[in-house]
Amino acid sequence: MAAWARLITAIQDADGSDYYVSEQDLGEEFDHPDLDFARGSIAIWDAGAMVGYNVIACRSAADPVHNMRQEGGVHPAYRGRGLGSELLDWAEQAAVPLHEERFGGHPLSLASWVFSQNAGAMARHEERGYRAVRWFRTMTRDLSAPIPEAVIPAGVQVSGYTPDQAAAALLVRNESFRDHWGSTEVTEQNWAHSLAQDAFRPRFSFLAYEGTDPLGLLTSYESDAYHAKKGRRDLYIGIVGTRAAGRKRGIATALLVTAMSAAHAQGYDSTSLTVDADSLTGALGLYEHVGFTADTTWITYQKQLG
């Protein structure tokens, strides 16, 4: 895990991304229900240093395509030697038996998130038959700028997250993302894993209710590795979602402003999130309205297999 964390740091430093992870973050991945490290991961080593890696993940559903995902990279000092292509070759082979065990008989595709400033990775994917299908923006918000007061709609209550609300939070998450591109239902097992991560910040996570009916959800995370690297505290908003009955009522805005105000009061410097640039829900405009600005772009590349 230490070698893996050093490799990811070197990749992010070279590419200009702020996605930093700690050994503890990576250790938690070994318990992820959708990952099989024995058969679904690979590392390239040189003289005791990890210089390349790839990890593939299954999904919770094939609807109708099982769109598996891969995450990997090559140390900047080792690029241009064909290692990235070998990692993609491996992934396309290793994905097949894992897919067959879960969703045999369904079509299979493999997707990557590629940082837009890594021209080499973009070219490599395109040469191998992957095509760009979606663009995602990382957005940030400086918390030293004035934060508007939260306006909570009449009849709605916002409460801080507590463990007894896990089922209600999962209900909101799954219903609110049902019509989002590439999204599948989160299982109870996966949900429990995400809420057990050291990076999860329940203190800055909130639910909105109308009576006893949960309508909205915001979950927050913090990267200790980012804090150590940059000397700044950033609250990453993992999920903002509202069920159909709660949309167009200002609930998402109220949740965002509540989280931002709470983070600012506790000394956080910024907050960030990732949004589908082509989302039909108007999320991009919502975030811009409360002061978020686009920072970096990630491109989803996808290839049909078999």
Side-chain angles (χ1 to χ4, degrees), residues 8 11-12 14-19 21 29 32 34-35 40-41 52-74 84-85 87-92 94-96 98-99 102-103 106-140 173-174 176-186 190 194 221 236-241 272-285 287 292 294-306:
I8 291 176
I11 291 171
Q12 306 314 328
D15 294 345
S17 168
D18 285 337
Y19 172 65
V21 295
E29 292 298 290
H32 197 292
D34 291 338
L35 300 178
S41 70
Y53 80 98
N54 203 351
V55 179
I56 55 177
C58 295
R59 305 296 301 284
S60 62
D63 188 26
V65 178
H66 182 204
N67 184 29
M68 295 181 67
R69 293 176 178 170
Q70 61 180 327
E71 179 182 311
V74 175
S85 294
L87 290 172
L88 290 175
D89 281 342
W90 167 84
E92 293 174 20
V96 174
L98 295 174
H99 160 74
R102 295 201 179 200
F103 300 109
H106 285 265
L108 168 64
S109 65
L110 188 60
S112 306
W113 273 35
V114 179
F115 191 45
S116 64
Q117 295 186 37
N118 190 338
M122 294 167 61
R124 187 176 308 111
H125 278 79
E126 291 167 4
E127 290 166 358
R128 302 187 61 78
Y130 290 79
R131 62 186 184 91
V133 295
R134 210 74 173 185
W135 285 257
F136 291 82
R137 306 275 192 263
T138 299
M139 305 185 76
T140 59
R173 187 274 164 210
N174 281 338
S176 61
F177 281 84
R178 190 164 289 161
D179 54 355
H180 284 223
W181 181 88
S183 179
T184 59
E185 294 263 317
V186 173
N190 280 4
S194 69
Y221 297 80
Y236 181 79
I237 297 173
I239 293 173
V240 182
S272 60
L273 50 80
T274 303
V275 60
D276 181 350
D278 299 316
S279 173
L280 299 178
T281 64
L284 188 62
Y287 301 139
F292 284 83
D295 185 11
T296 56
T297 300
W298 295 84
I299 306 170
T300 299
Y301 278 89
Q302 194 173 71
K303 180 179 182 178
Q304 302 299 315
L305 299 182

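The figures that follow rest on heavy atoms only: side chains count, while hydrogens, waters and symmetry mates do not.
What you find for Pro107 and Pro64 is that their closest heavy atoms are CD-O, 3.5 Å. Of all heavy-atom pairs spanning Ile237 and Leu273, the tightest one is O-CB, 3.6 Å. Nearest heavy-atom pair, Gly241 versus Ser176, reported as atom, atom and distance to 0.1 Å: CA-OG, 3.6 Å. Scanning all heavy atoms of the two residues, the minimum distance from Ile299 to Ala132 falls at CG2-CB, 3.7 Å. Across Cys58 and Leu98, no two heavy atoms sit closer than the pair SG-CB, 4.1 Å. Shortest non-hydrogen contact noted between Tyr301 and Met122 is OH-CB, 3.6 Å.
Checked by atom type and distance alone, the side chain of Arg59 pairs as donor or acceptor with a backbone atom of Gly182 at under 3.5 Å.
The shortest side-chain heavy-atom distance between Leu110 and His99 does not fall under the 4.5 Å cut-off. By the 4.5 Å heavy-atom criterion applied to side chains, Val186 and Phe177 are not counted as neighbours. The side-chain heavy atoms of Asp63 and His106, taken from C-beta on, include no pair separated by under 4.5 Å. You'll find the side chain of Val275 stays beyond 4.5 Å of the side chain of Phe292, heavy atoms only. Here the side chains of Gln117 and Asp15 are not in contact, with every heavy-atom distance at 4.5 Å or above. The shortest side-chain heavy-atom distance between Thr296 and Tyr19 does not fall under the 4.5 Å cut-off. You'll find the side chain of Ser116 stays beyond 4.5 Å of the side chain of Trp135, heavy atoms only. Side-chain contact between Met139 and Leu284 is present, with at least one heavy-atom pair separated by less than 4.5 Å.
Side-chain atoms of Thr300 and Arg69 form no donor-acceptor pair, as typed in the model, at a separation below 3.5 Å. The closest side-chain donor-acceptor pair between Ser109 and Asn67 falls under 3.5 angstrom. For the residue pair Ser112 and Gln70, a side-chain donor N or O sits within less than 3.5 Å of a side-chain acceptor on the partner.
With rounding to the nearest 0.5 Å, the separation of OH in Tyr236 from CG in Asp18 is 12.0 Å. The distance from the CG atom of Asp295 to the OG atom of Ser272 is 8.5 Å, given to the nearest 0.5 Å. Between the CZ atom of Arg134 and the CG atom of Asp276 there is a distance of 4.0 Å, given to the nearest 0.5 Å. Taken from NE2 in His125 to CG in Asn118, the straight-line distance is 9.5 Å, to the nearest 0.5 Å. The structure places CG of Asn190 at 8.0 Å from OG1 of Thr184, a figure rounded to the nearest 0.5 Å. Between the CD1 atom in Ile239 and the CZ atom in Arg173 there is a gap of 5.5 Å [rounded to 0.5 Å].
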Should Tyr130 and Val114 be marked as a side chain to side chain contact (heavy atoms under 4.5 Å, CB included) after you check the CA-CA gap, both sets of side-chain angles, and the distance that decides it?
CA-CA 11 Å; Tyr130 290 79; Val114 179; over 6 Å; no
Worked check of side chain to side chain contact (heavy atoms under 4.5 Å, CB included) between Tyr287 and Val240
CA-CA 10 Å; Tyr287 301 139; Val240 182; 3.7 Å; yes
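No more than 12 heavy atoms of other residues, nucleotides or ligands lie within 6.0 Å of CZ in Arg131, so this atom counts as exposed by the packing criterion.
Checked options Ile56, Leu87, Leu108, Leu305; the residue passing with Glu92 is Leu305 (criterion: side-chain contact (heavy atoms from CB on, under 4.5 Å)).
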